[in-house]
Amino acid sequence: QVQLVESGGGLVQAGGSLRLSCVASGSIYSVNHMAWYRQAPGNERELVAAITGGGSTNYAESVKGRFTISRDNSKTTVILQMNSLKPDDTAVYYCNADLLVGLSAIQNDYWGQGTQVTVSS
């Protein structure tokens with residue numbers, strides 16, 4: 001059984017910073033990639049940032065230069081450092097992980113429960 005636990009959401013003023021953390025635990029054989037998505041009410045869920053098991057990253061155009069995604073040595077923890085936050089960044093942020101699980105290394109895709117980020121003007 002695999003679990004993704006997110007933390008770090010909250011309320012921050014425009015121009016401020018916030019750090020989101022996602023920890024994957026369980027019978028994880030290896031990590032293909034981990035990513036952060038976000039969804040505001042009435043909007044589609046969109047990719048914010050992703051990092052592969054090999055360390056390659058990509059970002060949504062709207063967050064380039066402001067957000068940074070990183071990982072720990074085990075590759076089972078992913079961090080999203082958010083700087084220069086704007087009210088448009090307000091959303092529920094979800095952690096996503098594409099993993100090989102168990103001794104047989106079966107591929108599965110997992111989602112966290114989400115953490116609320118609210119940016120006031």
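Heavy atoms only: backbone and side chains are in, while hydrogens, waters and symmetry mates are out.
For A50 against A35, the heavy-atom pair with the smallest separation is CB-CB, 3.7 Å. A pairwise comparison of heavy atoms in A24 and L4 identifies CB-CD1, 3.8 Å as the closest pair. Nearest heavy-atom pair across A40 and A91 is N-CB, 3.9 Å. Considering all non-hydrogen atoms of both residues, Y93 and E6 come closest at O-OE2, 3.7 Å. Closest of all the heavy-atom pairs between A105 and Y29 is CB-CD2, 3.6 Å. Considering every non-hydrogen atom in both L20 and G9, the closest pair reads CD2-N, 3.6 Å.
Every pair passing salt bridge (Lys or Arg N to Asp or Glu O under 4.0 Å) that includes a residue from residues 18-44 is listed here, sequence neighbours excluded: R38-E46, R38-D89.
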Just distance, no hydrogens or angles: give the donor-acceptor pairs under 3.5 Å from side chains in residues 51-60, sequence neighbours left out.
| unit_1 | atom_1 | unit_2 | atom_2 | d |
| --- | --- | --- | --- | --- |
| T52 | OG1 | G54 | N | 3.3 |
| T52 | OG1 | G55 | N | 3.3 |
| T52 | OG1 | S56 | N | 3.1 |
| Y59 | OH | I69 | N | 2.9 |

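Interatomic distance, S27 OG to N108 CG, rounded to the nearest 0.5 Å: 11.5 Å. The OG1 atom of T77 sits 7.0 Å away from the CE atom of M34 when rounded to the nearest 0.5 Å. For the atom pair CZ (R71) and NE2 (H33), the distance works out to 13.0 Å, reported to the nearest 0.5 Å. Expressed to the nearest 0.5 Å, how far OG of S25 lies from CD of Q3 amounts to 5.0 Å. Between the NZ atom in K86 and the OG atom in S62 there is a gap of 8.0 Å [rounded to 0.5 Å].
Under a hydrophobic clustering in which Ile, Leu, Val, Met, Phe, Trp and Tyr are joined whenever their side-chain heavy atoms come within less than 4.5 Å, directly or via other members, V78 and V31 fall into the same cluster. One hydrophobic cluster, built from ILVMFWY side chains closer than 4.5 Å, cannot hold both Y37 and V23; they sit in different ones. At a threshold of 4.5 Å between side-chain heavy atoms, the hydrophobic network of Ile, Leu, Val, Met, Phe, Trp and Tyr places V92 and L47 in one connected group. In the hydrophobic cluster analysis, where Ile, Leu, Val, Met, Phe, Trp and Tyr join through side-chain heavy atoms closer than 4.5 angstrom, V63 is grouped together with L85.
With contacts defined as side-chain heavy-atom distances shorter than 4.5 Å, the pair N32/L100 qualifies. When side chains are defined from C-beta on, L99 counts as touching Y110, because their heavy atoms get closer than 4.5 Å. Put simply, the side chain of T90 reaches to within 4.5 Å of the side chain of Q116, judged on heavy atoms. In this structure the side chain of I28 reaches within 4.5 angstrom of the side chain of V2, judged on heavy atoms. Between F67 and Q81 the shortest side-chain heavy-atom distance does not fall below 4.5 Å. Side chains of C22 and W36 form a contact here, defined as non-hydrogen atoms less than 4.5 Å apart.
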Side chain to side chain contact (heavy atoms under 4.5 Å, CB included), that's the test. Do N96 and D109 meet it? Break it down for me.
CA-CA 7 Å; N96 170 254; D109 194 54; 3.1 Å; yes

Where do V117 and L18 land on the side chain to side chain contact (heavy atoms under 4.5 Å, CB included) test, with the steps shown first?
CA-CA 9 Å; V117 172; L18 212 57; 4.0 Å; yes

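For R66 (side chain) and S84 (main-chain N/O), a donor-acceptor pair under 3.5 Å exists by modelled atom type.
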